Undergrad: 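Here it is, the structure, as structure tokens.
These figures come from a predicted structure and were not determined experimentally.
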Amino acid sequence: MQVVSISSLKGGVGKTSVTTGLASAALAAGIPTLVVDLDPHADATTALGVQAGDQLDIGRMLKSPRRAKLADNVAGSSWTARAHTNGSGPAVLDVAVGSAYTGIYDRPDLGRRDLRRLSAVLAGADRYELVLIDCPPSLNGLTRMAWSASDKVALVAEPGLFSVAGTERTMRAIQLFKQEFAPNLSPAGIVANRVRTGSSEHTYRLAEMESMFGDLLLSPRIPEQANWQQIQGAAHPVHHWPGESAKTSAALFDALLVNLLATGSGLRNRTQR
């Protein structure tokens, strides 16, 4: 199992869109996946088509992590009904449901014990090969809790001045956090999102990012897509949305998932089938 945090210290860069795009690619590839919606806004939960039920949300599981039974409290995404796994077995895409309750942990003063809460919850996640954690756009307790539980951190950035600067700050924060709390944590790379190919500013900032981050800048870049809000609003996986633009986006997320998990045991070959 690989646990990957999807992070940004700047809001509005499409972090949740990247999380759901990767979840759609994993579902299409037949990789049993859990999405942990750690953002108090719970946008990933909505986009993944989760219906409210009796399960505990992730915030309440964090409250009593040793007693929380993850398998009993995840919710299945409605996306699985549309999935075809190409003979790889039943589709699995579950969600640890987000809620505003998680906000009680989104403060800067969490101690080591609190930082291990999510790790304790995910001890029950052994049925999955991939866990994607959608983090809030801050470096408060929830993001640090996610990093503590993760193998890798994938950063999401738009090719703009403030986003690039925020990504550089996040890279420094990861290194400091790794030294103090999580020696096995590593940056999985940086996803350039909402790229406008005709923009000279975006072209300049992408070149700047390549110079600053080198191989950590993942390919492919994800272009701005006019109907992405419609896809998310319909709680639909991009791999099953009609039209050529969605088909192109799906192929990009397939490739991005392969590159993101290239160092993961067994996942590279499986996603390339």
Side-chain angles (χ1 to χ4, degrees), residues 1-11 13 15-16 18-19 34-45 55-75 94-128 130-157 165-190 216 264:
M1 182 178 72
Q2 285 202 59
V3 182
V4 183
S5 285
I6 312 298
S7 295
S8 171
L9 299 194
K10 183 182 183 302
V13 298
K15 172 183 52 61
T16 298
V18 169
T19 303
L34 172 69
V35 175
V36 179
D37 190 356
L38 214 57
D39 191 327
H41 292 105
D43 291 337
T45 297
Q55 71 276 349
L56 297 176
D57 59 65
I58 186 60
R60 286 172 173 80
M61 283 191 273
L62 291 172
K63 183 178 179 180
S64 302
R66 300 294 179 187
R67 294 195 296 272
K69 296 181 179 179
L70 181 68
D72 293 340
N73 288 297
V74 295
D94 291 337
V95 183
V97 175
S99 79
Y101 190 87
T102 58
I104 66 174
Y105 296 108
D106 206 24
R107 58 184 198 268
D109 59 343
L110 291 190
R112 288 180 181 271
R113 182 177 178 181
D114 284 328
L115 290 178
R116 292 194 292 267
R117 287 178 181 271
L118 183 57
S119 299
V121 171
L122 292 181
D126 52 0
R127 71 174 299 208
Y128 306 103
L130 174 63
V131 177
L132 298 171
I133 306 175
D134 189 31
C135 300
S138 69
L139 191 54
N140 284 331
L142 288 172
T143 294
R144 295 166 69 232
M145 196 184 292
W147 290 2
S148 291
S150 295
D151 303 301
K152 298 177 179 179
V153 180
L155 305 180
V156 180
T167 301
E168 187 176 27
R169 291 195 302 272
T170 310
M171 290 293 293
R172 291 198 298 268
I174 290 171
Q175 291 306 316
L176 291 172
F177 189 83
K178 174 184 172 75
Q179 291 169 18
E180 187 170 358
F181 297 105
N184 296 321
L185 184 67
S186 64
I190 300 161
L216 282 174

Undergrad: Looking at D151, V153, L130, I133, which hits side-chain contact (heavy atoms from CB on, under 4.5 Å) with V4?
TA: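 Exactly one candidate clears the test, L130.
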Undergrad: Nearest 0.5 Å, what's the CZ-CG distance between R169 and L139?
TA: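 Rounded to the nearest 0.5 Å, the CZ-CG separation comes out at 10.5 Å.
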Undergrad: Could you walk me through whether L118 and Y105 satisfy the side-chain contact (heavy atoms from CB on, under 4.5 Å) test, starting with their C-alpha distance in whole Å, then the side-chain angles of each, then the deciding distance to 0.1 Å, before giving a yes or no?
TA: CA-CA 11 Å; L118 183 57; Y105 296 108; over 6 Å; no
Undergrad: Report yes if the side chains of S150 and L185 come closer than 4.5 Å at any heavy-atom pair, otherwise no.
TA: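 Yes, side chains in contact.
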Undergrad: With rounding to the nearest 0.5 Å, note down the distance linking CG in N140 to CG in D106.
TA: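 N140 atom CG to D106 atom CG measures 5.0 Å (nearest 0.5 Å).
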Undergrad: Check for a donor-acceptor pair, side chain of T143 on one end and backbone N or O of P137 on the other, with a separation under 3.5 Å.
TA: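 No, the answer is negative, given that no donor and acceptor are paired below the 3.5 Å cut-off.
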Undergrad: Would T16 and H41 count as a side-chain contact (heavy atoms from CB on, under 4.5 Å) if you check the C-alpha gap in whole Å, the side-chain angles of each, and the deciding distance to 0.1 Å?
TA: CA-CA 11 Å; T16 298; H41 292 105; over 6 Å; no
Undergrad: Taking the side chain as everything from C-beta on, heavy atoms only, tell me whether E180 gets closer than 4.5 Å to R112.
TA: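 They are in side-chain contact.
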Undergrad: Taking C-beta and beyond as the side chain, do L216 and M171 meet within less than 4.5 Å on heavy atoms?
TA: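 In contact.
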Undergrad: So which atom in M61 and which in L56 form the shortest heavy-atom distance, rounded to 0.1 Å?
TA: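 In this case the closest contact between M61 and L56 is CE-O, 3.7 Å.
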Undergrad: Apply side-chain hydrogen bond (donor to acceptor under 3.5 Å, both in side chains) to the pair D94 and Y128, showing each step before the final yes or no.
TA: CA-CA 9 Å; D94 291 337; Y128 306 103; 2.6 Å; yes
Undergrad: Under a 3.5 Å distance rule, please check whether D37 uses its side chain to pair with a backbone N or O of T45 as donor and acceptor.
TA: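 The answer is yes, because a donor-acceptor pair under 3.5 Å joins these two groups.
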Undergrad: I'd like to know if the side chain of S5 reaches the main chain of S7, judged simply by a donor and an acceptor atom lying under 3.5 Å from each other, with no hydrogens or angles considered.
TA: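 Side chain of S5 to backbone of S7, a donor-acceptor pair under 3.5 Å: no, none is there.
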Undergrad: Looking at OG1 of T170 and CD of Q175, how far apart are the two atoms once the value is rounded to the nearest 0.5 Å?
TA: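 These two atoms lie 12.0 Å from each other.
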Undergrad: For L70 and L34, which heavy atoms make the closest approach, and how far apart are they?
TA: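 Result for this residue pair: CD2-CD2, 4.0 Å.
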Undergrad: Nearest heavy-atom pair of A157 and I190: which atoms, and what distance?
TA: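 Closest approach of A157 to I190: CB-CG2, 4.3 Å.
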Undergrad: Taking atom OG1 of T167 and atom CZ of R172, what is their separation to the nearest 0.5 Å?
TA: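 Reported to 0.5 Å precision, the distance equals 11.0 Å.
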Undergrad: Mind listing the closest non-hydrogen atom pair of L122 and M1 along with its distance?
TA: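 Smallest interatomic distance, heavy atoms only, reads O-CE, 4.3 Å.
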Undergrad: Is there a side-chain contact between K178 and P187 (heavy atoms, below 4.5 Å)?
TA: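 Counting from C-beta outward, K178 and P187 never come under 4.5 Å.
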Undergrad: Ignoring hydrogens and angles, tell me if any N or O in the side chain of D39 forms a donor-acceptor pair with the backbone of D134 under 3.5 Å.
TA: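 Flag not set: sc D39 to bb D134 has no pair under 3.5 Å.
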Undergrad: Rounded to the nearest 0.5 Å, what separation is found between the CG atom of L38 and the CD1 atom of I6?
TA: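 One gets 12.5 Å once the value is rounded to the nearest 0.5 Å.
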Undergrad: Between S148 and F177, what is the shortest heavy-atom contact and its length?
TA: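 Distance-wise, the nearest heavy atoms are OG-CZ, 3.2 Å.
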Undergrad: Is a donor on one side and an acceptor on the other found under 3.5 Å between the side chain of R117 and the backbone of P65?
TA: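 Side chain of R117 to backbone of P65, a donor-acceptor pair under 3.5 Å: no, none is there.
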Undergrad: Take V121 and V36 through the test side-chain contact (heavy atoms from CB on, under 4.5 Å) and record every step on the way to the result.
TA: CA-CA 11 Å; V121 171; V36 179; over 6 Å; no
Undergrad: From L9 CG over to K15 NZ, what is the distance, rounded to the nearest 0.5 angstrom?
TA: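 Between L9 CG and K15 NZ, I get 10.5 Å after rounding to 0.5 Å.
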Undergrad: Less than 6.0 angstrom from the centroid, inside 45 degrees of the normal: does R144 satisfy that with respect to the ring of F181?
TA: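 Yes, cation above the ring, under 6.0 Å and within 45°.
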Undergrad: Work out which heavy atom in Q55 is nearest to a heavy atom in V97; give both atom names and the distance.
TA: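 Scanning both residues, the minimum pair turns out to be NE2-CG2, 3.6 Å.
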Undergrad: Please say whether more than 12 non-hydrogen atoms of neighbouring residues, nucleotides or ligands are located less than 6.0 Å from NZ in K63.
TA: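 No, NZ of K63 has 12 or fewer neighbouring heavy atoms, counting only those of other groups under 6.0 Å.
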Undergrad: For the backbone of R60 and the side chain of S64, can you confirm whether one donor and one acceptor N or O come within less than 3.5 Å of each other?
TA: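 No; zero donor-acceptor contacts below 3.5 Å.
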Undergrad: Please walk me through it: do C135 and L142 pass side-chain contact (heavy atoms from CB on, under 4.5 Å)?
TA: CA-CA 7 Å; C135 300; L142 288 172; over 6 Å; no
